[in-house]
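A short worksheet on the structure shown next.
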Amino acid sequence: AQSVTQLGSHVSVSEGALVLLRCNYSSSVPPYLFWYVQYPNQGLQLLLKYTTGATLVKGINGFEAEFKKSETSFHLTKPSAHMSDAAEYFCAVSENTGFQKLVFGTGTRLLVSP
Amino acid sequence: EAGVAQSPRYKIIEKRQSVAFWCNPISGHATLYWYQQILGQGPKLLIQFQNNGVVDDSQLPKDRFSAERLKGVDSTLKIQPAKLEDSAVYLCASGLAGGTGELFFGEGSRLTVL
């Protein structure tokens, strides 16, 4: 069964600093990988996804992630944090089989200080 | 395009009472999911539908939780009787059959059990 580990329940950065949120996955078959963002009292919104092809994936709001099969990782980065990036971020994995379902990590709360 | 609609947004009940949540997915989406998100945790899949059939309900506490998706469109999740540990946000999501696993989430229904 697939699983996701997110290192660090909280990450704090200053505005303008690099954002790095870590995600490692476990899957017995080639995975589909996702990052979702959740703002307070809202549902989850897709930031980006990796299915096949290019391993560097660009998403919305300047975020990107790189799929590294050898490291079973899919870390999320953004060169320069903005105050509006403060939210909860979830990494998720879906196996490339018939009926897809997302398995989520425990989430990382990003705090951005001025 | 209308998103995933959920109601009610908030519900407070006493333990042992019952509650029902409703979800209307994005038009044309064959798959529908109910996730439970306990405070500080990632979403956990409760049940997955493909049209009006259940694909996966392995993590649904069937002694108290039930869900149905009549006519393959709207869905209802019921809890009876509720326990304190059922306090959570219940997220509904929908997706395309045979897709890459990308899901579209509603804003969630927050349940507080006193």
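Every value quoted in this text rests on a predicted model; they were computed, and no experiment measured them. Proteins get letters first, then strands, A, B, ... in listed order; numbering begins at 1 in each.
- Put simply, the side chain of B:Y35 gets close to the backbone of A:L102: a donor and an acceptor are under 3.5 Å apart.
- Shown here is B:K62, whose NZ atom has more than 12 heavy atoms of other residues, nucleotides or ligands within 6.0 Å.
- Residues B:Y90 and B:W22 do not share a hydrophobic cluster, defined by chaining ILVMFWY side chains whose heavy atoms lie under 4.5 Å apart.
- For A:Q38, the part lying under 4.5 angstrom from a heavy atom of chain B is the side chain only.
- Closest of all the heavy-atom pairs between B:Q37 and A:F90 is NE2-CZ, 3.2 Å.
- The hydrophobic cluster containing A:L48 also contains A:I60, counting ILVMFWY residues as joined when their side-chain heavy atoms lie under 4.5 angstrom apart, directly or transitively.
- Looking only at side-chain heavy atoms (C-beta outward), B:E107 and A:N41 stay at 4.5 Å or farther from each other.
- No other option in B:Q41, B:Q6, B:K44 has as many heavy-atom pairs under 4.5 Å with chain A as B:Q41.
- Of all heavy-atom pairs spanning B:P43 and A:L44, the tightest one is CG-CD2, 4.2 Å.
- Residues B:L46 and B:V54 are members of one and the same hydrophobic cluster, defined by side-chain heavy-atom contacts under 4.5 angstrom among Ile, Leu, Val, Met, Phe, Trp and Tyr.
- Atom CG of A:L46 is separated from atom CZ of B:F104 by 7.5 Å, given to the nearest 0.5 angstrom.
- Taking CZ of A:F104 as the start and CG of B:L103 as the end, the distance is 6.5 Å to the nearest 0.5 Å.
- By the 4.5 Å heavy-atom criterion applied to side chains, A:F34 and B:E102 are counted as neighbours.
- One hydrophobic cluster, built from ILVMFWY side chains closer than 4.5 Å, cannot hold both B:L45 and A:V93; they sit in different ones.
- Residues B:L60 and B:L91 fall into different hydrophobic clusters, defined by Ile, Leu, Val, Met, Phe, Trp and Tyr side chains chained together at heavy-atom separations under 4.5 Å.
- Heavy atoms from other residues, nucleotides or ligands lying under 6.0 Å from CG of B:L39 number 12 at most.
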